[in-house]
Each structure stands twice: as structure tokens, then as C-alpha cells.
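Here the structure comes first, spelled out in C-alpha cells, and everything after it is commentary.
Chain naming here is simple, since letters A, B, ... match the order of the sequence lines and numbering starts at 1 in each.
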Number of protein chains: 2
Amino acid sequence: MGRRSDHSRAELEELIVSEGHRHMAEVGFARFSSREVAKRIGYAVGTLTNVLGSYDRLIAAINTRTFELWTAHLEATLAREPADRIEALVEGYFSFARDNRSLWMAIYDHRLAPDEIMPDDFMTRRAALTEIVVREVAAVLPPDAKDKAPRLARSLVATVHGHCTFALNGSFALLGETDPQGMAVARVKESLTAAEA
Amino acid sequence: MGRRSDHSRAELEELIVSEGHRHMAEVGFARFSSREVAKRIGYAVGTLTNVLGSYDRLIAAINTRTFELWTAHLEATLAREPADRIEALVEGYFSFARDNRSLWMAIYDHRLAPDEIMPDDFMTRRAALTEIVVREVAAVLPPDAKDKAPRLARSLVATVHGHCTFALNGSFALLGETDPQGMAVARVKESLTAAEA
DNA sequence: ATCAACAATTAGACACTGTTCAATAAAATA
DNA sequence: TATTTTATTGAACAGTGTCTAATTGTTGAT
């Protein structure tokens, strides 16, 4: 054993997180195994704990990566210059979750222990998603109401999130709702209408 | 070994689920252990699997019980004849989640394997919560719009759920939002206002 | 060139997890 | 009383993440 050195520490961390991300996409949070990830990249079990610090941090790193993909997906959707940017945002929210079920759900399946704190680096990278929404909400509000954009945007994200959650976990299907995304758009529109005057 | 018989099968199941419920409240989904539950009630490991069928079914039973407590909590809130029943419903949604963090989160932390199906019994008991909301939403809609109550009610539950999720998992606090519940009420009111006329 | 210090990696032990299943003992039935 | 049923066990099994002593390649100083 000892230094193998085909990887720097940073490269190894990248290798672990990217393979972990792949594994998460395949099996989901409940069946995720850091031992399996180790096996796949040809490293020993303990190495992952050494490099990432703990299982929780590995999951946090994987989920942060998912956030970045999601943010990129939203930006790409908007870059297509859709007629209705707000509706496009909801569509992007839903379609990412739908096409990346396991990854998306893992974000909300995981919570770090109450004593542990999320690294600042991770927080910043995750915040980018909400910032897009704040920006777009501000754009549709009248000039004198723009200061309300941040609070309203967060609230609208929560609204869409609730609809997306129930869409994916089957709650809506169970109750006969066939268009959760349309419902989410309707709620968001109502709130935006109420905000301008 | 052999029949001990201080419990019928149904009584034993009740014992397991109620102790499991207590354990879930204490340690939460991530640290829940059916072995620990077995130890606490003085039964052997395998007995739980025998009686409940599987770990997943045990969790499903525990969560169904939580749904029932939650429903009772909402009814109790309404029984106090609040001035605003819709606002009271949101308050009841939030306060139950707040006061029973681990139990409430466990509901959404758990998903059964795609091949398994939730027993009808469980579904019926869980549906009671949504039915309350449908009833109350119908009550505030004008007569000619009452047929829209079921769909709208589910959508509003999703809205409130999203806000409650972000409130409890810290997303709101992180972004400086101090009144998630007020935000949820505001969104619900806007949608109800839009629905009548 | 040698040697010590350092950093990277490992294997295995550890304490857990839920599930399975042959063995067993007590109650119910004949 | 003898036989069948039923309830319950507990050890074995295949997993999990974490920890730690041992080991080895690399680096820097002498």
C-alpha cells in the first residue's frame, strides 16, 4: 500500500464524487453504498472516509453537484428564449426532477446531523438556483414592487417544489390529478398577478 | 420459544407499531432500527419481520399512524372554531410538522420499492387528511365553483407542503425568510381569491 | 546516497443493519 | 392422551459506514 499517486488528492475527490453521482443516479438514496463506489473506482473502503471525511459529506457533495446540473438545466431552458419565462422555469424545475428522479430525490432525502454544518462552498453553489428565480421574478414585477422579489421568489419556489414532490412521489396520481405541472404554473401565476397592481 | 400468548397477533402488531412509532419520534428515519424496537418490547429480531412482513411495511404502518394523528390535530384545530378556518388549516399543518419533526419527516423520507404497493387500508387512512382540506376549500368557494374544490384543494396542500418542507429543512432560514407559515397563508389566500368571481 | 519525515492507501476488525429459516415449545384440536 | 398448528426464537447471512494499525511510495534534508 502507500502512495499510488496516479491521482492528486483533489483529483481523487473528483473521481469519488463523480462515480458516486453516477451510482446515486442508478440506485437512489436508499440503496446508495459508499462501499460500492469504492469498489467501482478500485479503491479501498476506508479511502472514501479519509478523502471526504464522512458518508454525510460524500452525499452532500453529490447533491451539490446535482444542484449545479439543475441550475444549468434551468439556464439552458431560459436560453431558448421561451415566450413565457416563468412558465419555462416551472417546466425546467419539473423536467429536471422527472428526468433525474433518483438524483433529485436524494437532495431532499438527505439531511446532515444537527451538529454538522454544510460547508460554505456547498451553500454558495446551491444558492445559484434560487438566484435565477429571484432574477426572473424581479423581471416580471412592476418597478415599484421589485424589492419584494426575493421573498416572493422563495415562496414561489416552495410552491413549485410542493407540487413537484407530490407529482414524483405519487400523491397526485393517487388522487387522480393528471397535470401537477399545470397546477403549479396556475398557482404561480395567481401569486404574480396578485403582486402587481 | 413457542407460543407465549400474552398477545394475540393483532395485539402484537399494535405493540410493535406503537413502540416503533415512539422510537421513530425519538431518533428519526435515518437512525430508526427495527432491531431496537424488538429489543424494547422484549421480542426477538425475526418476530418483527414475521408479523409485519418487512421493514418497509413496518415503516408504512408507523407513518400511517402519524397521518392519523395529524388528521386528528387538524380536526381539533378546526373544532376550536377559529375566525379563519383556512388560515387555521395552514397553522395546523405547520404546527404538527414542527412539533413532530421526526415523525412528519419520516412520512416523506420513506418510499416503498416500485414493485410493492401500499395496502388499501393504509391508503384510506391517509386520505382522510386531504378530505378535510377538500371539505374546507369547498366551503369557502362560491356555489358555482364548488366542483373545482377537489383539484384546487390538492394543489393548495402541495403549496403548503412545499413551504412547510423548506421551513423544516432549513432552506428558508438559510435565505433569511423568517415567516414561512405566513408566506404559505398568503399564497393560499391568493389562489382562493382567484378562484371565486 | 542515505535517512527520516510525510502522505496516501490498505485490510481487517468493529458494531451495526434487515432478512431468513430450521428448531422448538406451547396451545388447540382430535 | 396424541397430534397438529401456531407463535417465537436465535443463529447465520450478507450487507452497511467507520475506525485504526500497518505499510509503502515520495519528498526533502543531510
Side-chain angles (χ1 to χ4, degrees), chain A residues 1-17 19-21 23-24 26-63 102 106 109-116, chain B residues 1-17 19-21 23-24 26-63 102 106 109-116:
Chain A
M1 303 105 205
R3 163 166 285 196
R4 217 162 57 174
S5 107
D6 16 329
H7 296 296
S8 75
R9 203 73 179 190
E11 284 168 345
L12 180 51
E13 181 168 335
E14 161 62 25
L15 178 63
I16 293 170
V17 175
E19 187 65 45
H21 198 261
H23 182 47
M24 183 67 82
E26 285 167 10
V27 305
F29 183 76
R31 292 186 218 268
F32 182 89
S33 155
S34 67
R35 268 189 134 99
E36 176 65 24
V37 175
K39 194 183 295 180
R40 293 204 195 177
I41 61 176
Y43 273 80
V45 214
T47 304
L48 299 216
T49 305
N50 282 342
V51 174
L52 268 298
S54 73
Y55 177 79
D56 275 291
R57 280 183 115 78
L58 170 55
I59 305 290
I62 290 171
N63 286 345
S102 298
D109 284 339
H110 180 246
R111 277 183 294 285
L112 5 70
D115 54 322
E116 282 200 275
Chain B
M1 303 111 202
R3 163 168 284 197
R4 219 163 52 173
S5 106
D6 16 329
H7 296 296
S8 74
R9 204 71 177 189
E11 284 168 344
L12 180 51
E13 181 167 336
E14 161 62 25
L15 178 63
I16 293 170
V17 175
E19 188 63 45
H21 197 261
H23 182 49
M24 183 67 83
E26 285 167 9
V27 304
F29 183 77
R31 294 187 216 267
F32 182 89
S33 154
S34 68
R35 266 188 136 100
E36 175 65 25
V37 175
K39 194 183 294 179
R40 293 204 195 178
I41 61 176
Y43 273 79
V45 213
T47 305
L48 298 217
T49 305
N50 282 342
V51 175
L52 267 297
S54 73
Y55 176 79
D56 275 290
R57 281 184 115 78
L58 170 56
I59 305 290
I62 289 171
N63 286 346
S102 297
D109 284 340
H110 180 246
R111 278 184 294 285
L112 5 70
D115 53 323
E116 281 199 276

| Roughly how many Å is it from CZ in Phe32(A) to P in dG17(D), rounded to a whole number? | 8 Å

| How many Å lie between CZ on Arg57(B) and P on dT19(C), as a whole number? | 12 Å

| query | Would you say Thr49(B) reaches dG18(C)'s phosphate, i.e. side-chain N/O to OP1/OP2 under 4.0 Å? | reply | no

| query | What is the nucleic acid contact for Leu12(A), judged by heavy atoms within less than 4.0 Å: base, sugar-phosphate only, or nothing? | reply | sugar-phosphate

| said: Rounded to whole Å, how long is the line connecting atom OH of Tyr43(B) with atom P of dT8(D)? | reply: 5 Å

| said: Taking 4.0 Å as the cut-off, does a side-chain nitrogen or oxygen of Thr47(B) come that near to OP1 or OP2 on dT9(D)? | reply: yes

| query | When all nucleic acid strands are considered with a 4.0 Å heavy-atom cut-off, which category describes Ser34(B): base, sugar-phosphate, or nothing? | reply | sugar-phosphate

| note | DNA chain D nearest-nucleotide lookup for Gly53(A) and Arg31(A): closer to the 5′ end is Arg31(A)

| Whole-Å distance separating the CZ atom of Arg35(A) from the P atom of dC14(C) | 14 Å

| task | For residues Thr47(B) and Leu12(B), determine if any side-chain heavy atom of one lies less than 4.5 Å from a side-chain heavy atom of the other. | result | yes

| query | Under 6.0 Å from the CZ atom of Arg57(A), do we count more than 12 heavy atoms belonging to anything else shown? | reply | no

| request: Could you check how far CD of Glu36(A) sits from C1' of dG17(D), rounded to whole Å? | output: 14 Å

| task | Can you establish whether the number of heavy atoms outside Arg31(B) located under 6.0 Å from its atom CZ is more than 12? | result | no

| note | Phe32(B) meets the ring-ring contact (aromatic ring centres under 6.0 Å, His included) criterion, sequence neighbours left out, with His23(B)

| task | Take the protein atom OH of Tyr55(A) and the nucleotide atom C1' of dT16(D), then report the distance between them rounded to whole Å. | result | 9 Å

| dA8(C) C1' sits how many Å from Leu48(A) CG, rounded? | 14 Å

| message | Do Asp56(B) and His110(B) have side chains that approach each other closer than 4.5 Å (heavy atoms only, starting at C-beta)? | response | yes

| field | Gap between atoms CZ and P, on Phe29(B) and dT17(C) respectively (whole Å) | value | 14 Å

| request: Identify, between Asn50(A) and Val45(A), the residue whose nearest nucleotide on DNA chain C lies closer to the 5' end. | output: Asn50(A)

| said: For a quick test of reading the model: is some side-chain N or O of Ser33(A) closer than 4.0 Å to OP1 or OP2 of dG17(D)? | reply: yes

